[in-house]
Amino acid sequence: MPAGKRERPVTVLVSEELEAILRERSKSNHRSLTKEAVFLIETALACESESVRQTLHLFYKAGVEVTEEAIPLPA
């Protein structure tokens with residue numbers, strides 16, 4: 001982080017259902033609740049296609065883990 005810059009806290013209100021999902025994801029991914037939320041936001045912001053965003057949202061609702069590591073595909 002550049003000198004003189006610091007991270008700023010942000011507070012959001014979420015439904016009980018979303019909070020439970022975030023807590024479960026953060027626990028299974030060994031991240032804090034904040035780091036899990038930031039990871040999901042960064043993942044969504046990196047998407048260039050609306051259909052990709054919709055797919056990620058469906059995966060998220062289904063509890064499918066989306067990671068940064070590349071998964072080798074069969075040849």
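Reckoned from all heavy atoms, side chains included, excluding hydrogens, waters and symmetry mates.
Once rounded to the nearest 0.5 Å, the distance linking NZ of K27 with OG of S32 reads 15.0 Å. Considering CD1 of I41 and CD of E36, their distance stands at 10.5 Å, rounded to 0.5 Å. Within the model, atoms CG of L22 and CZ of R31 stand 11.0 Å from one another, a figure rounded to the nearest 0.5 Å.
Under the 4.5 Å side-chain heavy-atom criterion for ILVMFWY residues, a single connected hydrophobic cluster contains both V12 and I21. V38 and L33 fall into different hydrophobic clusters, where Ile, Leu, Val, Met, Phe, Trp and Tyr side chains are chained together by heavy-atom contacts under 4.5 Å.
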